[in-house]
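Step one of this worksheet: look at the structure below.
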Amino acid sequence: NVTSLDGLAPVITKQDERYLASWYRPEGGAWESLADGGCGFQCKAFRRLHSDITLFRTWRFAPPDTLLFEEKIEGSSRVQFESRVCLGDAKWGAIEKSAEASAGKLRWQGEDGSSAEMSVRTPPGVGMDIRPSTFLPEYGIEKNGRSLLLNGSQQLPFSWSIEWGLRKAA
């Protein structure tokens, strides 16, 4: 997925770098192995918006069949948040909104009986929608698909998460 704040992605294309002052270029990120076997990524690239913004992402597996993702964005300003999660061309169902307005589920069922359930939790005020998009299943090949779009105005700090429950066919 990719997150943007106030319309800015965390990266600048190589072609555009030469037109920008060095202070504006995003700082790199740092990967780390977590004690529980997961991995984390820290990104300071949004500091070109406000000097105190840092994005943290973690991925963890929870036995036997669950993948957990969390994104935390620290800082003190108000931002327009947007994140897109690629769904590819898989036939994910419609978003099932829960009674809790900031949560939703999507389900997928494979022809062989395997399945996946994606549970998304966002802060209040973040909308959830599925939109047409394109994706690259391999280098040089572009296909039509869909993306999960999360967006809304948010006061930093905040976090959001996705939990994927993966089931093999019986």
Enter the distance from [X]:[atom1] to [Y]:[atom2] here, rounded to the nearest 0.5 Å.
X    : Y    : atom1 : atom2 : result
I95  : M128 : CD1   : CE    : 6.5 Å
L148 : I162 : CG    : CD1   : 6.0 Å
S76  : L156 : OG    : CG    : 7.5 Å
M118 : F69  : CE    : CZ    : 11.5 Å
I53  : R48  : CD1   : CZ    : 10.0 Å

Any heavy-atom pair between the side chains of [Y] and [X] that's under 4.5 Å?
X    : Y    : answer
E142 : F135 : no
S159 : E70  : yes
E74  : L55  : no
F81  : V126 : yes
C43  : P10  : yes
Q80  : L5   : no
L49  : L8   : yes
R167 : S114 : no

For the pair [X] (side chain) and [Y] (backbone), establish whether a donor and an acceptor sit closer than 3.5 Å, ignoring hydrogens and angles.
X    : Y    : answer
R146 : W92  : yes
S33  : C39  : no
Q154 : F158 : no

Lys/Arg-Asp/Glu bridge criterion (N-O < 4.0 Å) met for E82, R84: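 Counted as a salt bridge, because a side-chain N and a carboxylate O are separated by less than 4.0 Å.
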So which heavy atom on [X] is nearest to which on [Y], and how close?
X    : Y    : answer
A116 : L166 : CB-CD2, 4.0 Å
T122 : W160 : CA-CB, 4.0 Å
T3   : F46  : O-CZ, 3.5 Å
S153 : R78  : OG-NE, 3.1 Å
S83  : N1   : OG-ND2, 2.8 Å
A103 : R121 : CB-NH1, 3.5 Å

All salt bridge (Lys or Arg N to Asp or Glu O under 4.0 Å) counterparts of R107, not counting sequence neighbours: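 Partners of R107 under the salt bridge (Lys or Arg N to Asp or Glu O under 4.0 Å) test: E96, E117.
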Side-chain donor-acceptor pair present, R131, S133, cut-off under 3.5 Å: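 There is no such pair (donor and acceptor under 3.5 Å, judged by atom type) between the side chains of R131 and S133.
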Between N144 and T134: side-chain donor-acceptor atoms closer than 3.5 Å: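 Distance-only check fails for N144 and T134.
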Test side chain to side chain donor-acceptor pair (under 3.5 Å) applied to T54 and R47, step by step: CA-CA 7 Å; T54 303; R47 291 191 173 184; 2.7 Å; yes
Aromatic plane relationship, W31 with W59 - under 30° parallel, 30 to 60° tilted, over 60° perpendicular: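 Ring orientation of W59 relative to W31: parallel.
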L149 with I130, same ILVMFWY side-chain cluster at under 4.5 Å: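 In one cluster: no.
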Stepwise ring pair (Phe, Tyr, Trp, His ring centres under 6.0 Å) test for F61 and W164: CA-CA 10 Å; F61 279 102; W164 286 272; 9.8 Å; no
Test side chain to side chain contact (heavy atoms under 4.5 Å, CB included) applied to V2 and V85, step by step: CA-CA 7 Å; V2 64; V85 179; over 6 Å; no
Side chain to side chain contact (heavy atoms under 4.5 Å, CB included) between I141 and L136, intermediate numbers included: CA-CA 6 Å; I141 297 180; L136 304 171; over 6 Å; no
Exceeds 12 heavy-atom contacts within 6.0 angstrom, atom CZ of R57: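 Enclosed.
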Test side chain to side chain donor-acceptor pair (under 3.5 Å) applied to E163 and S119, step by step: CA-CA 5 Å; E163 180 177 309; S119 299; 5.3 Å; no
